[in-house]
**Q** 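Take a look at the following structure, please.
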Amino acid sequence: TGNLWGYGKEDGPSVWHKNYPVAQGDRQSPIDIVPHQASHDPSLGPVVLNYDQCTSIKIANNGHSVVVEFDDSDDRSVIRGGPLDNPYRLKQFHFHWGVKGCHGSEHTVAGNSYASELHLVHWNAVKYTTFGEAATAPDGLAVLGIFLQHHGRFVKAVFFFFFFFLLQGSAADFKGFNPKCLLPSSLHYWTYLGSLTTPPLHESVIWIVVKDPITVSEKQVTCLAGSSEPALGRLLPASGLYLHTFLTQGLYTRNWEF
Ligand SMILES: COc1ccc(C[C@@]2(O)NC(=S)NC2=O)c(OC)c1
Ligand SMILES: [Zn+2]
């Protein structure tokens with residue numbers, strides 16, 4: 001397929017509309033969220049996540065991001081409430097990060113960006129029979145966006161190390177990872193009707209962007225990096241495991257400080 005699109009000068013967001021005209025649509029994401037211009041909707045209840053029977057399967061690098069895939073053959077892992085009329089099934093999560101500096105998030109808040117942004121992708125299995133069908137329907141997908149705070153240089157290096165050495169198109173086992181540990185304690189959110197943030201840019205996403213970012217402490221990373229040091233040579237096949245450990249240890253202990 002060649003490089004239909006990318007983030008360079010010749011194939012980046014400013015020219016995506018040439019191959020994907022919907023890029024000039026009226027519900028395109030990401031957006032800049034301006035908190036004091038957001039209107040409060042009292043009819044919106046809390047967002048509820050049931051990830052306990054989490055069903056992660058594998059981690060893969062699809063050339064644009066690192067994706068953790070889930071088994072979405074039933075309603076074991078769903079999101080409900082908030083702006084959603086019924087439960088949406090967890091399909092995958094992936095991260096967005098910038099290649100330079102700590103401004104990799106896609107959404108911005110009052111013009112400010114975060115180091116990276118996690119997208120937990122869910123689909124409306126009540127109304128649609130496949131993810132692909134839901135991905136083209138106006139109420140087909142619900143994506144929970146979580147901001148990740150500025151990483152230190154070291155943290156970022158480890159993130160890159162874990163994420164990027166997964167050679168493109170490769171995949172590693174990544175079972176039993178519960179993404180609930182990737183969430184801040186409060187799920188106060190903004191919500192709006194938007195789109196996929198990369199081609200095909202379908203306008204099929206009910207966005208739920210969580211206000212509070214999560215942070216990663218250098219301490220957590222140091223301990224992990226130290227533990228994986230001797231295993232560096234073996235890291236390739238065990239990548240999923242180490243990333244799993246990294247994400248789980250740091251997150252479960254909740255010693256998020258920065
Ligand atoms: C055909 O279905 C697709 C295609 C691409 C993505 C990925 C992405 O474009 N969408 C968001 S959200 N972030 C992204 O990078 C997708 O994710 C739900 C679904
Ligand atoms: Zn995304």
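Start at 1 and go down the list; that is how both ligands and their atoms are numbered. Values in this document were obtained by computation on a predicted structure and should not be read as measured data. In this chain, residues are counted from 1 in sequence order. Atoms considered below: every heavy atom in the structure, side chains included; atoms not considered: hydrogens, waters and symmetry mates.
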**Q** So, D72 and R89, do they make that salt bridge, N to O below 4.0 Å?
**A** no
**Q** Please tabulate, one pair per line, all N/O donor-acceptor pairs under 3.5 Å involving side-chain atoms of residues 131-144, not counting sequence neighbours.
**A**
residue: E133; atom: OE1; partner: T129; partner atom: N; Å: 3.0
residue: E133; atom: OE1; partner: T129; partner atom: OG1; Å: 2.7
residue: T136; atom: OG1; partner: E133; partner atom: O; Å: 2.8
residue: D139; atom: OD1; partner: Y128; partner atom: OH; Å: 2.4
residue: D139; atom: OD2; partner: K127; partner atom: NZ; Å: 2.6

**Q** Which ligand 1 atoms are under 4.0 Å away from a heavy-atom of H119?
**A** 12 (S), 13 (N)
**Q** Could you work out, with salt bridge (charged side-chain N to carboxylate O under 4.0 Å, His left out) as the rule, every residue matching D74, not counting sequence neighbours?
**A** R76
**Q** Once the angle between the rings of F177 and F174 is folded into 0 to 90°, is it parallel (under 30°), tilted (30 to 60°) or perpendicular (over 60°)?
**A** tilted
**Q** Output, by chain and residue number, all protein N/O/S atoms separated from the Zn ion (ligand 2) by less than 2.8 Å.
**A** H94 NE2, H96 NE2, H119 ND1
**Q** Between W16 and W5, how do the two ring planes meet: parallel, tilted or perpendicular, split at 30° and 60°?
**A** perpendicular
**Q** With ring-ring contact (aromatic ring centres under 6.0 Å, His included) as the rule and sequence neighbours excluded, what pairs involving residues 17-40 come up?
**A** none
**Q** Mark the output for W207 as yes if a heavy-atom distance to ligand 1 is under 4.0 Å, and as no if none is.
**A** yes
**Q** Touching ligand 1 at all, H96? Heavy atoms, strictly under 4.0 Å?
**A** yes
**Q** For Y7 together with H96, are the ring centres under 6.0 Å from each other?
**A** no
**Q** Quick one: look at F93 and ligand 1, take heavy-atom pairs under 4.0 Å, and tell me if it's side chain, backbone, both or neither.
**A** neither
**Q** Counting each atom of ligand 1 from 1 as listed, which ones have a heavy atom of V121 under 4.0 Å away?
**A** 18 (C)
